[in-house]
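Taking it in order: structure first as structure tokens, then the write-up.
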Amino acid sequence: MSGLLTFDGRVVLVTGAGGGLGREYALAFGQRGAAVIVNDLGGDIKGGGRSSAAADKVVEEIRAKGGKAVANYDSVEDGEKLIQTALDAFGRIDIVVNNAGILRDRSFARTSDTDWDLIHRVHLRGSFLVTRAAWNHMKNQKFGRIIMTSSAAGIYGNFGQANYSAAKLGLLGLANTLAIEGQKYNIHCNTIAPTAGSRLTETVMPPDLVQSLKAEYVAPLVLWLCHEACQENGGLFEVGAGWIGKLRWERSLGRTVRQKNKSMTPEAVRDTWNEICDFTDATKPASIQESLHTLVEVLSRVEDERGIRANPTGASAGTNPSAAVGQTLPEMSFTYTHMNCILYALGVGMSTKEPDHLKFLFEGHEDFSCLPTFGVIPAQSAMMGLGSIPGLNLDFTRLLHGEQYLEMFRPLPTSGTLTSQARVADVLDKGSGMVILLDVHTYSGRELVCYNQFSVFIVGAGGFGGKRASQKAVVTVPLPDRPPDAVIVEQTSKDQAALYRLSGDWNPLHIDPGFAAMGGFKSPILHGLCSFGFAARHVLKQYAGNDVSRFKSIKVRFVKPVYPGQSLQTEMWKEANRIHIQCKVKETGGVVLSGAYIDLHADASVSAGPPQTDSLQSDLVFAEIGRRIKDTGDELVKKVNAVFGWEISKNGKTVRHWTIDLKTGRGSLHKGATKSDVTFTISDEDFMEVVMGRLNPQKAFFAGKLKVKGNIMLSQKLEVVLKDYAKL
Ligand code: NAI
């Protein structure tokens, strides 16, 4: 960065600028081109007396150096008059440095009403009155910079300064809110806690320290914070001796003491005290929303009885994402009937008003079907399971469901029990946050039904030095550059979220107005996966005649919330079997789902090609092996040094050849047969049985389910490449 920071054309008011720190600021602003209002009442340090001499002297100093300055001798308690001086002399006010101050130190017991009131009147009320007088001018001109002067005595407390500490920390509270209210008008408000030798500190500091802690070591921070180029807003800085540091709040992970349907007791607080006060992996909440999110999360966790430990949180401290990759969650079981399928269909907006919806709403329909996007339902609880994964140290209050991929391997049964296996596929460092890729495979009996990839974004948990991208991520794709080929608009009902949640997402954010308000929403919002369901069935209707067997996969990125009652507009672009989609809220035009697409299987009734083999279950495992070779091929080639061939059969016919080459270069995976050291022949189903650990490879061999040609001893080395994922 280069260039001198100048203030030409800016008008600055520095209160209490007749001496000490204020004088230094006034001189520095004057020197860099600002027109300065040098305010000082000219009293003594306890607030007594008045004189114009102090302010006049500084004005003369500025003018002597060629700067522009006028004096003002009013007390900051007459805030309007100070601002009027600026308007009269220079026609505007851009920057206010609230600096004027006095001391009336007493031990607390001896603090009189006057000691208390005078301090508050000058520091807190004075800063309020001056700033309020400037506020509308700043707002109208869409520029303003404000400094509040706090003190270490306020931040940390100091013997004999109860009145002063209270007022000084009051200024921080004032600044915090002004920073929020001013942001959209480009009014920034920051707080400093300076330390410098001055008449205020000469009573408490040794003379040589008063000499060496020069006010000129504080002024540069004030100037930078007041410059138009500085975007800092709502910051708190300690500054002195040429050093500047920023402060923020830290909060322990805490402990939820309350349990569902039990009264909360002081004894429980006592018994969990160490945990409440334990700062290990502490978080740094930076806004009231973040703070309230924790409470929202706690309420929902207590209601769900998901344990009494508060948010396991911790943006980055103590996280070891590499330890999390490959971790699996306990198998999840999900039993359902036709009722769940129908409830889900209603939840994603199906209605008997549309005759073609009946096949999803009436179990007696001859073609009764379950919507493919129901495939997320048996898998969704895996996201909450992330809390138990070692190395992640998650703060659920910062968790956003970023993206979703769902791939179907067969249509969902309309009732039954599905089991799901979840595994952390990868953990990425996006700087502003951490992305966890959670793969969930869902089975009906032994058959793979669907695969979900949840992309979970943890705000503020990035910066741990991890990789930014992963080959394991199923990525979003850009839209074609042309108007959509088809658009379906459908209004969600006021009760859409109330209905959708019955499919298993019980987060009160989607039903309880108070809860939603705490999360910063004007009313409960629709589930992202509900909009996802709407968009998917729009495509299914538009391009697949509602034939669920044609649905192959869907990928979406969740962008913005939808309020129940708003209309969803699904825009579709057809490119062969891929339908690109974008979903908007019609009323606002805001994009809700982006980078999205749905892949359909070709329509069997129009394309009489070779039998469909594009959905072998084993393909998924080989894809994973391929990614692993790309990541660690070098290492594998060194360890294994062999070429493995695979012949995968379906219904007694070989339908797929794979070659895993761990001999040449950095290793590779090819679809197709090449010369191998050893070749395995196995059916798609048995391959999955072995991979899932349900069929022992030796037994498969002796039972004739697995055939091996070539150097059989090499099969032992396969474990290196298939480890964890596939137990062959
Ligand atoms: P200082 O006493 O040299 O300067 C304060 C100035 O404010 C004086 O010139 C005084 O006449 C003026 N003033 C007092 N009451 C006023 C009123 N009602 N209206 C207009 N002007 C008034 O003190 P110093 O050290 O320069 O302090 C500046 C600010 O920094 C104060 O707010 C103080 O509390 C704060 N501060 C200073 C520290 C230090 O180490 N010097 C430590 C922490 C905070």
Side-chain angles (χ1 to χ4, degrees), residues 13-28 37-59 71-83 85 96-105 117-131 133 147-158 161 163-172 174-175 191-206 209-219 221-222 236-241 243:
L13 163 66
V14 182
T15 71
L21 286 161
R23 172 178 167 273
E24 203 61 43
Y25 306 153
L27 292 175
I37 292 85
V38 179
N39 157 264
D40 208 296
L41 182 74
D44 62 31
I45 69 162
K46 292 191 170 183
R50 282 180 107 104
S51 151
S52 58
D56 285 343
K57 198 161 166 280
V58 176
V59 168
N72 171 282
Y73 318 115
D74 293 305
S75 165
V76 286
E77 292 183 72
D78 290 316
E80 294 281 354
K81 291 188 184 164
L82 275 67
I83 300 302
T85 304
V96 170
V97 182
N98 291 292
N99 166 78
I102 55 169
L103 281 181
R104 291 179 74 94
D105 293 358
D117 291 344
L118 260 182
I119 287 289
H120 276 73
R121 274 168 42 197
V122 173
H123 288 276
L124 190 50
R125 191 170 151 77
S127 300
F128 154 63
L129 290 167
V130 172
T131 307
I147 298 290
M148 297 294 175
T149 306
S150 185
S151 163
I155 299 170
Y156 305 108
N158 196 22
Q161 294 197 307
N163 53 352
Y164 181 75
S165 306
K168 283 307 202 188
L169 211 59
L171 283 162
L172 177 64
L174 174 61
T191 306
I192 61 163
T195 301
S198 76
R199 65 179 199 166
L200 278 195
T201 46
E202 67 191 6
T203 50
V204 290
M205 284 182 194
L209 204 55
V210 172
Q211 282 303 314
S212 44
L213 288 172
K214 294 188 197 314
E216 66 193 62
Y217 302 149
V218 176
L221 168 65
V222 171
L236 169 64
F237 302 87
E238 276 188 76
V239 50
W243 168 88

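In listed order, ligands and their atoms are each counted from 1.
Counting only heavy atoms of the protein, atom 25 (O) of ligand 1 lies nearest to Ser198 OG, 2.4 Å. Closest protein heavy atom to atom 37 (C) of ligand 1: Leu21 CD1, 4.0 Å. Asn39 OD1, 3.4 Å is the protein heavy atom nearest to atom 20 (C) of ligand 1. Nearest non-hydrogen protein atom to atom 9 (O) of ligand 1 is Asp40 OD2, 2.6 Å. In this structure, atom 30 (O) of ligand 1 lies nearest to the protein heavy atom Thr149 CG2, 3.4 Å. Of all protein heavy atoms, the one closest to atom 6 (C) of ligand 1 is Gly16 O, 3.5 Å. Among all non-hydrogen protein atoms, the one lying nearest atom 17 (C) of ligand 1 is Leu41 CD2, 3.7 Å. At the shortest separation from atom 27 (O) of ligand 1 among protein heavy atoms lies Leu200 CD1, 3.7 Å.
In this structure, Val96 and Val130 have side chains that are in contact, with non-hydrogen atoms separated by less than 4.5 Å. By the 4.5 Å heavy-atom criterion applied to side chains, Asn98 and Val76 are not counted as neighbours. In this structure the side chain of Leu13 never reaches within 4.5 angstrom of the side chain of Val97, judged on heavy atoms. In this structure, Phe237 and Leu221 have side chains that are in contact, with non-hydrogen atoms separated by less than 4.5 Å. You'll find the side chain of Met148 reaches within 4.5 Å of the side chain of Thr131, heavy atoms only. Side-chain contact between Leu21 and Asn99 is present, with heavy atoms from C-beta onward closer than 4.5 Å.
Put simply, part of Asn99 is less than 4.0 Å from ligand 1, judged by heavy atoms. Residue Lys168 places a heavy atom less than 4.0 Å from ligand 1. Proximity of Gly42 to ligand 1 is established by a heavy-atom distance of less than 4.0 Å.
Ser52 places no side-chain N or O within 3.5 Å of a backbone atom of Tyr73 that could act as its donor or acceptor partner. The main-chain N or O of Ile119 is never found under 3.5 Å from a side-chain atom of Asn163 such that the two would form a donor-acceptor pair. At least one donor-acceptor pair closer than 3.5 Å links the side chain of Thr201 to the backbone N or O of Ser198. Looking only at distances, a side-chain donor or acceptor of Lys168 sits under 3.5 Å from a matching main-chain atom of Thr149.
Residues Tyr25 and Glu216 have side chains that never bring a donor and an acceptor to within less than 3.5 angstrom of each other. Residues Tyr164 and Asn158 have side chains that never bring a donor and an acceptor to within less than 3.5 angstrom of each other.
Of the polar atoms of Arg199, at least one N or O is found under 3.5 Å from an N or O of ligand 1, judged by distance alone. Looking at ligand 1, you won't find any N or O of Ser150 less than 3.5 Å from one of its N or O atoms.
Distances below 4.0 Å separate heavy atoms of Thr201 from the following atoms of ligand 1: 39 (C), 40 (O), 41 (N). The Tyr164 neighbourhood of ligand 1 comprises atoms 33 (C), 34 (O), 35 (C), 36 (N), 43 (C), 44 (C), with distances under 4.0 Å to a heavy atom of that residue. If you number the atoms of ligand 1 from 1 as listed, the ones under 4.0 Å from a heavy atom of Gly43 come out as 11 (O). Residue Gly20 has at least one heavy-atom neighbour below 4.0 Å for each of these atoms of ligand 1: 3 (O), 26 (O). Proximity to Ile102 (heavy-atom distance under 4.0 Å) selects the following atoms of ligand 1: 14 (C), 15 (N). For ligand 1, the atoms sitting less than 4.0 Å from at least one non-hydrogen atom of Thr195 are 40 (O), numbered in the order shown with element in parentheses. Listed by number with element, the atoms of ligand 1 under 4.0 angstrom from any heavy atom of Ala196 are 39 (C), 40 (O), 41 (N). Residue contact check: Val76 has heavy atoms under 4.0 Å from atoms 17 (C), 18 (N), 19 (N), 20 (C) of ligand 1.
In this structure, CG in Asp74 is found 7.0 Å from CZ in Arg50, a value given to the nearest 0.5 Å.
Nearest-heavy-atom check against atom 42 (C) of ligand 1 across Pro194, Ala153, Ser151 picks out Pro194.
Remark: of the listed residues Ile102, Thr15, Leu41, Ile102 is the sole one forming a side-chain contact (heavy atoms from CB on, under 4.5 Å) with Val122.
Neither the backbone nor the side chain of Glu77 comes within contact range of ligand 1; no heavy atom lies under 4.0 Å.
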